[in-house]
Amino acid sequence: MRLLFFLIFFLSFTSFKAQNLKSENMKIFTYRLTYFSDSTNTESSKQEDFDLQILGNKSCFVSTNYKFGYQNIRMMAASGQGLAVAAGNLMKLPKSAFRYSIYKENNDIAFYEKVYSFGLKYNEKASFDWKLSKEKKKIDTYNCNKATLTYGGREWIAWYTTEIPISEGPYKFKGLPGMIIQLYDAKNQYNFSLIEVQANKDYPIFYDESFNNYKEISRKEYFATRDNLKNNYVNNVESQGITFQAKDKADIQRNINKKGNNPIELK
């Protein structure tokens, strides 16, 4: 009797979950990223959560800290808080190490990022040459298949499930016969794991209105600009009217170089 009850409950839950994921409302897949910000320091492991919001054939991948901070800043601005109160509240907001938002629609990818104080954006086509494997394993409750890919200067391993028939995943990745449950590079310096699924969310996809003012460049130009802004951080910041003491400049630049030596895309 207990076994029969369990089977009925399990099948009902599975049916409920499948129906929710087929809903036209937003679905949110939350991934936890474990990463090494400094490739030369094996103790530099950190974590941050990201939401993959899916609405129809569109999706947005964004840090939950970044999204939360943006939404709270908008609320503070709308409430008319005084400068001192607003500054104090801003200090309490969670900080994100990832100031990018990625939008996918069909085969189009739009990438927006605040690199230091400079807003940049570029577009690219989703062209991922996945190699499907016969290797299988179970992750949590999902039966998964393995796939591999070379992208952005890294070798990637993905574990996806056809039990969620949505061809999506963390960061820019998509194009597999189901949802990516876990994704990591061969050196395990970036590891995304699905930790939560929410369905039937009745609100729009996240969008920061300041994106409209970001400078549009090509993907190739983005990498050159990103590296220039990092390698010449002090000069670029001072060109915007911010000054540093001469004795501090070398240390500031050295710290910037160390922090940014392991981006998710190497090229």
Side-chain angles (χ1 to χ4, degrees), residues 31 33-41 44 46 48 50 52 59-63 65-66 95-130 148-158 168-175 180 183-192 206-208 210-240 242 249 252-267:
Y31 290 88
L33 169 64
T34 302
Y35 68 101
F36 288 87
S37 57
D38 182 355
S39 60
T40 65
N41 182 1
S44 66
K46 300 177 182 178
E48 189 160 339
F50 291 78
L52 173 63
S59 71
C60 170
F61 186 75
V62 62
S63 158
N65 283 353
Y66 179 86
K95 302 297 187 294
S96 173
F98 301 93
R99 301 169 70 191
Y100 58 70
S101 299
I102 299 170
Y103 297 86
K104 292 175 272 187
E105 182 174 5
N106 299 322
N107 287 325
D108 296 318
I109 299 174
F111 183 93
Y112 297 81
E113 184 175 18
K114 199 67 170 286
V115 183
Y116 305 115
S117 58
F118 299 86
L120 303 174
K121 62 182 177 181
Y122 67 84
N123 298 306
E124 68 175 299
K125 291 292 183 182
S127 180
F128 299 118
D129 186 20
W130 291 105
T148 57
L149 170 74
T150 300
Y151 179 80
R154 296 182 187 272
E155 301 293 324
W156 292 96
I157 298 96
E168 265 285 4
Y171 196 60
K172 297 176 181 178
F173 298 105
K174 60 181 300 182
I180 295 175
L183 174 82
Y184 49 89
D185 70 293
K187 294 182 178 180
N188 205 30
Q189 293 179 343
Y190 282 84
N191 188 320
F192 295 93
F206 169 80
Y207 187 79
D208 183 337
S210 69
F211 291 163
N212 298 330
N213 301 319
Y214 281 21
K215 181 180 179 181
E216 185 168 355
I217 55 179
S218 68
R219 183 171 180 267
K220 183 178 180 180
E221 290 171 326
Y222 161 80
F223 286 107
T225 303
R226 181 193 70 181
D227 292 344
N228 173 64
L229 290 173
K230 184 191 78 171
N231 296 332
N232 300 284
Y233 173 80
V234 170
N235 292 337
N236 285 315
V237 170
E238 288 192 324
S239 71
Q240 294 187 308
I242 299 173
K249 291 183 180 182
I252 292 171
Q253 186 62 61
R254 192 178 300 110
N255 288 333
I256 290 294
N257 291 343
K258 185 177 181 180
K259 287 181 180 178
N261 72 5
N262 194 32
I264 188 169
E265 290 187 54
L266 301 172
K267 62 181 181 179

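These values consider heavy atoms only, across backbone and side chains, with no hydrogens, waters or symmetry-generated copies.
Classification of the Phe206-Tyr66 ring pair by plane angle, with boundaries at 30° and 60°, yields perpendicular. In this structure, Phe128 and Trp130 have tilted ring planes: the angle between them lies in the 30° to 60° band. Ring geometry for Tyr35 versus Tyr190: interplanar angle under 30°, hence parallel rather than tilted (30 to 60°). A parallel orientation is assigned to the rings of Tyr100 and Phe50, their planes being inclined by less than 30° (bins at 30° and 60°). Classified by interplanar angle (parallel below 30°, tilted 30° to 60°, perpendicular above 60°), the ring pair Tyr214/Phe211 is perpendicular.
The CG atom of Leu229 lies 9.5 Å from the OH atom of Tyr222; values are rounded to the nearest 0.5 Å. Remark: Asn106 CG to Lys125 NZ distance equals 8.5 Å, nearest 0.5 Å. In this structure, NZ on Lys174 lies 12.0 Å from CD1 on Ile102, to the nearest 0.5 angstrom. Distance CG/Asn41 to CZ/Phe36: 8.5 Å, rounded to 0.5 Å. Expressed to the nearest 0.5 Å, how far CD1 of Ile157 lies from CG of Asn188 amounts to 8.5 Å. Annotation: the span from Glu221 atom CD to Arg226 atom CZ amounts to 14.5 Å, rounded to 0.5 Å.
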- Item | side-chain contact (heavy atoms from CB on, under 4.5 Å) evaluation trace for Phe111 with Tyr171 | CA-CA 10 Å; Phe111 183 93; Tyr171 196 60; 3.9 Å; yes
- Task: For the pair Arg99 and Val115, evaluate side-chain contact (heavy atoms from CB on, under 4.5 Å) and give the outcome as yes or no after the intermediate values.
- Result: CA-CA 8 Å; Arg99 301 169 70 191; Val115 183; over 6 Å; no
- Query: Are Leu120 and Ile217 close enough, and set up right, to give a side-chain contact (heavy atoms from CB on, under 4.5 Å), and what steps lead you there?
  - Reply: CA-CA 7 Å; Leu120 303 174; Ile217 55 179; 4.2 Å; yes
- Residue pair Ser63, Asn65: steps toward the side chain to side chain donor-acceptor pair (under 3.5 Å) verdict: CA-CA 5 Å; Ser63 158; Asn65 283 353; 5.0 Å; no
- Query: Could you walk me through whether Asn232 and Gln253 pass the side chain to side chain donor-acceptor pair (under 3.5 Å) check?
  - Reply: CA-CA 8 Å; Asn232 300 284; Gln253 186 62 61; over 6 Å; no
- Message: What verdict does the side-chain contact (heavy atoms from CB on, under 4.5 Å) test give for Tyr103 and Tyr207, after you've listed the backbone C-alpha separation in whole Å, the side-chain angles of each residue and the deciding distance to 0.1 Å?
- Response: CA-CA 9 Å; Tyr103 297 86; Tyr207 187 79; 3.7 Å; yes
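Of all heavy-atom pairs between Ser37 and Asn262, the closest is O-CB, 3.6 Å. Here the shortest heavy-atom pairing between Tyr112 and Lys121 reads CE2-CD, 3.5 Å. The minimum heavy-atom distance between Leu183 and Ala158, with the atom names listed, is CD1-CB, 3.7 Å. What you find for Leu52 and Lys104 is that their closest heavy atoms are CD1-NZ, 4.3 Å. Nearest heavy-atom pair, Leu266 versus Arg154, reported as atom, atom and distance to 0.1 Å: CD2-NH2, 3.8 Å. Closest heavy-atom contact between Ser59 and Glu168: OG-OE2, 2.7 Å.
Ion pairing between Glu155 and Lys187 fails under the 4.0 Å rule for side-chain N and carboxylate O.
Between Ile180 and Pro170 the shortest side-chain heavy-atom distance falls below 4.5 Å. Side-chain contact between Phe192 and Phe61: present, with at least one pair of heavy atoms (C-beta onward) separated by less than 4.5 Å. At a threshold of 4.5 Å between non-hydrogen side-chain atoms, the residues Lys230 and Tyr116 count as touching.
Side-chain polar atoms of Asn261 and Asp38 form a donor-acceptor pair below 3.5 angstrom. A donor atom on one side chain and an acceptor atom on the other are not found under 3.5 Å apart for Gln189 and Tyr184. With hydrogens and angles left out, the side-chain atoms of Tyr233 and Asn228 include no donor and acceptor closer than 3.5 Å.
The salt bridge (Lys or Arg N to Asp or Glu O under 4.0 Å) test applied to Lys172 returns Glu124, Glu265, not counting sequence neighbours.
Ring pair Trp156/Tyr151: centre-to-centre distance not below 6.0 Å.
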